[in-house]
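What you are looking at is a predicted structure, and each value in this text was computed from that prediction instead of being measured. Both ligands and their constituent atoms are indexed starting at 1 by order of listing.
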Amino acid sequence: MSQPRSELSSLLSRLPKVDQVLDQPALADSGWQRAIQKRLVTDALDALRAEVRDGKTPALPDAAALASRVRATLDDWSRPRPRPVINATGVLLHTNLGRAPLSPAARRAMVDAAGSCDLEVVLPTGQRGSRFTALLPLLRAVLHAEDAHVVNNNAAALLLACTVLGPPGGVVLSHGQMVEIGDGFRVATMAAAGGCPVIGVGSTNRTHPRDYEAALRGEAPGHEGRPASAILWAHRSNFEQSGFVREVELPALSEIARAHGVPLVADLGSGSLGGGLPEGEPTVMEYLQQGADLVLCSGDKLMGGPQAGIIAGKAELVQRCRRHPMARALRPDKTTLAALHATFAAHARPQGVPSLPLHQMATVSVTELRQRAEALASALAWPLPQAVVDSRATIGGGSLPGDTMDSVALRVPTKAPSRDAKRLRLGDPPVVGRIEDDALLLDLRSVDPHDDERLLHALRALQSR
Ligand SMILES: *Cc1c(COP(=O)(O)O)cnc(C)c1O
């Protein structure tokens, strides 16, 4: 129901004026530009007016109330974002929580590179250099690859590789590998985003060598006369198929690619380098050995590094990717390269891999997790044994779907699990747990042991409410 005109204008006239709000003490010493404050006040007033016009009857704030509301926003903006949180979800690589936590060495390297650094200068000669010079020999050695290139993320690696190698005929991809990776993004559409046709072949559950061969001869239904220029293989990162299924494995696919003189590009996603992480996920090196000409993967999944996309494989193909104009648009910044270098240096040393937080979380024993949980529970005077429960953690981040690890969780003693989960998320530090069977669980496998003290602090705050 809309208001009668006169009533409406009287309501609207009761709203404070912009300058009146700006002159309130709450805003006088905010330290923010007046133009910024004005924008917030105007937006808040516009929102109130819209509500009134829509027939709602919002509580109309006076100038002081509106000023303190705006001040709260400004104070919120004063804090660094994104904020550090404690990941107690039990998902080790949680995409929404920033995927792999970086090693101390990688964090230091990022901070050191944040100022001026020798990103593109060769210090002995003073000549211009490439931002990849320092990193690539290490990458090639660790990956056992002829050459490698780095972009912003694996989606960018996929886009670049398909844009460079796909046209004119495009890439052929099995329907069984048309993965949706999250947030609605799909491997096939990302591959096509740079103008590369994607020829889907086979069926959801079964794809045969003859399906690929038909596409490479230009006989795929709907693509007649336009032979595919490359084969794309996508790792089923986040789902499994069983039953009446058939997939052409990489070695066989590699033979088909060779027979037709086209490259085989394998989107691995997870980017495992082996080194003791849970078995079962293929490594970049295995994909290369099995005949992939290019392997694409993320830096912040099983590699345990920063967000980055890695293109590794045949030197000639990698160079074509590196020289494409799109490579410039997708290039990583200095802090990413610094963190990636530190991460690869860790992978190259026997003592290095255990220093990666992801590795520590994946390999910590259940006994140790239980000790930490019991210490926390007793510090909080929570009832044992109910407060310490067995749990299942997962790697996440598009790897090892369906695979879980034994873990231990704190079970928050509460009658209102969702309410307390929210309180913990809004606490300081924010703690993100998970609700399971109507209980609020804080899985310790995804929590850095150094954060146990801060977790305790957050739980004490919850308890004292
Ligand atoms: C995760 C993933 C991607 C996307 O990688 P980002 O680094 O998140 O851009 C692409 N393909 C596969 C198979 C993946 O698992």
Side-chain angles (χ1 to χ4, degrees), residues 91-102 139 143 148-163 165-166 171 173-194 196 198 200 230-241 247 250 253 264-273 277-278 280-284 286-288 290 292 294-313 321 326-327 329-333 336-337 339-340 343-344 358 394-403:
V91 181
L92 310 193
L93 291 172
H94 199 302
T95 296
N96 306 141
L97 300 178
R99 285 202 189 145
L102 296 179
L139 237 70
L143 299 173
H149 181 61
V150 181
V151 288
N152 275 322
N153 48 40
N154 190 30
L158 182 63
L159 172 65
L160 182 58
C162 290
T163 307
L165 304 178
V171 295
L173 173 66
S174 158
H175 280 122
Q177 297 179 351
M178 293 209 168
V179 183
E180 177 167 309
I181 57 168
D183 200 20
F185 289 101
R186 295 173 174 170
V187 164
T189 41
M190 293 186 299
C196 167
V198 174
I231 300 177
L232 178 61
W233 159 283
H235 178 47
R236 292 202 193 104
S237 319
N238 49 12
F239 72 105
E240 282 170 333
Q241 277 192 331
E247 176 165 81
L250 275 177
L253 209 49
L264 170 59
V265 178
D267 177 14
L268 171 55
S270 51
S272 171
L273 300 180
L277 275 174
E281 196 71 3
T283 65
V284 178
E286 281 163 3
Y287 264 34
L288 288 171
Q290 289 173 15
L294 282 187
V295 176
L296 319 176
C297 67
S298 299
D300 55 354
K301 292 182 179 170
L302 292 179
M303 231 165 242
Q307 179 188 305
I310 290 158
I311 303 177
C321 291
M326 200 181 259
L330 304 176
R331 72 180 188 175
D333 83 308
T336 298
L337 290 170
L340 204 56
T343 306
F344 268 83
L358 176 64
T394 55
I395 293 257
S399 47
L400 300 158
D403 241 40

Would you confirm whether [X], through its side chain, and [Y], through its main-chain N or O, come within 3.5 Å as a donor-acceptor pair?
{"X": "T336", "Y": "P332", "value": "no"}
{"X": "R236", "Y": "M178", "value": "no"}
{"X": "N238", "Y": "E180", "value": "yes"}
{"X": "N153", "Y": "A156", "value": "yes"}
{"X": "E247", "Y": "G176", "value": "no"}

| request: Consider ligand 1: state whether an atom of it lies below 4.0 angstrom from any non-hydrogen atom of Q307. | output: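 Q307: no contact with ligand 1 (<4.0 Å).
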
| message | Measuring from non-hydrogen atoms of K301 to any atom of ligand 1, is the shortest distance under 4.0 Å? | response |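 Yes, K301 has heavy atoms under 4.0 Å from ligand 1.
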
| field | Sub-3.5 Å N/O-N/O distance, G269 and ligand 1 | value |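 In fact, backbone or side chain, G269 has no N or O that close.
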
| said: Tell me the nearest of V179, D267, N152, I181 to atom 4 (C) of ligand 1, using heavy-atom distances. | reply: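 That would be I181.
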
Looking at [X], which atoms of ligand 1 are within less than 4.0 Å of one of its heavy atoms?
{"X": "R99", "value": "6 (P), 7 (O), 8 (O)"}
{"X": "H235", "value": "13 (C)"}
{"X": "S298", "value": "5 (O), 6 (P), 7 (O)"}

| Between S237 and ligand 1, which residue portion shows a heavy-atom distance shorter than 4.0 Å: side chain, backbone, both, or neither? |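 The answer is the side chain.
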
| message | Can you tell me which portion of Q177 lies within the under-4.0 Å heavy-atom range of ligand 1? Options are side chain, backbone, both, or neither. | response |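 Under 4.0 Å from ligand 1, Q177 contributes no heavy atoms.
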
| Pairs flagged by salt bridge (Lys or Arg N to Asp or Glu O under 4.0 Å) wherever residues 91-100 is involved - sequence neighbours left out |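 Non-adjacent pairs meeting salt bridge (Lys or Arg N to Asp or Glu O under 4.0 Å): R99-D300.
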
| Under 4.5 Å between any side-chain heavy atoms of L273 and T283, yes or no? |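 A side-chain contact under 4.5 Å is absent here.
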
